[in-house]
Amino acid sequence: MSSTANLKHIVSLPAPESAPQLLGQRITHESPEGLVSGTITEVEAYQEGDQASHTFNGKTARTSVMFGPAGQMYVYFTYGMHWCCNVVVDEDGKGSAVLIRAVEIDEGVDLAWQRRYKEKISTEYSAKRLKDLSNGPAKFAQAFGIGKSAYGVDLLTDNNLYLSYEEPTERKIVQTPRIGISKAVDVPWRWLYK
DNA sequence: AAGGCGATTGCCT
DNA sequence: GGCAATCGCCTTT
């Protein structure tokens with residue numbers, strides 16, 4: 001199977017099956033300022049009928065893309081200041097997506113650093129700040145320069161913002177309940193590398 | 001037309 | 001560990 005076909009298969013699955021398979025996949029954003037790329041290391045699954053999902057109360061203007069074809073980006077704005085990114089998954093018509101909660105950046109660290117901290121990267125790397133670069137959903141969005149304009153972008157075909165397939169690795173995966181929600185708090189649909 | 005609140009983060013104690 | 005910041009969306013009048 002080709003890389004694109006592998007990805008296509010992964011995002012065609014229901015969210016709770018798709019999410020753990022998106023762990024380890026690569027996401028890249030090429031913007032006028034430069035390229036940032038890294039490995040997805042933490043995800044959460046949300047789907048229609050799931051009380052914690054934005055689609056629980058049906059389709060709205062904000063969530064419409066979640067009901068569309070798999071592989072598109074669902075971006076939402078929250079807490080008055082943060083953007084968060086999801087990969088739309090499952091069959092066309094199902095309101096499902098996988099929230100990208102953390103990415104390990106291995107290309108474009110300088111650019112990511114500038115976007116996050118509004119300053120040039122110093123020769124003396126702060127270990128904590130490096131770790132904090134993209135270890136949260138809104139941190140990832142900021143580090144990658146992703147905002148409203150990414151809404152609905154097809155991550156399987158777009159030339160600037162795209163997923164690329166990586167073979168599964170031996171990295172140990174942990175499964176836990178989702179973070180920061182008030183409904184369906186016991187549903188264990190968060191996956192991350194140990 | 002108005003009000004409450006969130007799939008978060010960073011700073012303060 | 002607690003809490004403020006900040007605003008678009010959705011629900012309720």
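Heavy atoms only: backbone and side chains are in, while hydrogens, waters and symmetry mates are out. Chain identifiers are assigned alphabetically (A, B, ...) following the order of the sequence lines, protein sequences preceding nucleic acid strands; residue numbering begins at 1 within each chain.
- A sub-4.0 Å separation between OP1 or OP2 of C:dT11 and a side-chain N or O of A:Asn57 is present.
- Although no hydrogens or angles enter the test, the distance criterion places no donor-acceptor pair under 3.5 Å between the side chain of A:Arg190 and the main chain of A:Arg178.
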Give the C-alpha distance, both sets of side-chain angles, the deciding distance and a yes or no for side chain to side chain contact (heavy atoms under 4.5 Å, CB included) between A:His29 and A:Ile146. CA-CA 8 Å; A:His29 187 205; A:Ile146 298 173; 4.2 Å; yes
Secondary-structure string, 5' to 3', Watson-Crick or G-U under 3.5 Å, | for another-strand partners, for DNA chain B: ||||||.|||||.
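- Using a 4.0 Å cut-off between charged side-chain N and carboxylate O, A:Glu42 and A:Arg171 make no salt bridge.
- Between the side chain of A:Glu48 and the main chain of A:Gly58, no donor-acceptor pair closer than 3.5 Å is present.
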Sugar-phosphate or base contact per nucleotide [nucleotides 1-13 of chain B; S, B, -; heavy atom under 4.0 Å]: -----BBBSS---
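- The aromatic rings of A:Trp113 and A:Tyr117 lie perpendicular to each other, with more than 60° between the two planes, well past the 30° mark.
- Residues passing the ring pair (Phe, Tyr, Trp, His ring centres under 6.0 Å) test with A:Tyr76, sequence neighbours excluded: A:His54, A:Tyr74.
- Of the P atoms belonging to B:dA7 and C:dG1, the separation is 22 Å, rounded to the nearest Å.
- Using P as the reference atom, C:dA4 and B:dG4 are 16 Å apart when rounded to the nearest Å.
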Walk me through it: do A:Arg115 and A:Gln142 pass the test side-chain hydrogen bond (donor to acceptor under 3.5 Å, both in side chains)? CA-CA 6 Å; A:Arg115 285 178 174 144; A:Gln142 189 181 23; over 6 Å; no
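- The backbone N or O of A:Gly34 sits less than 3.5 Å from a side-chain atom of A:Ser31, completing a donor-acceptor pair.
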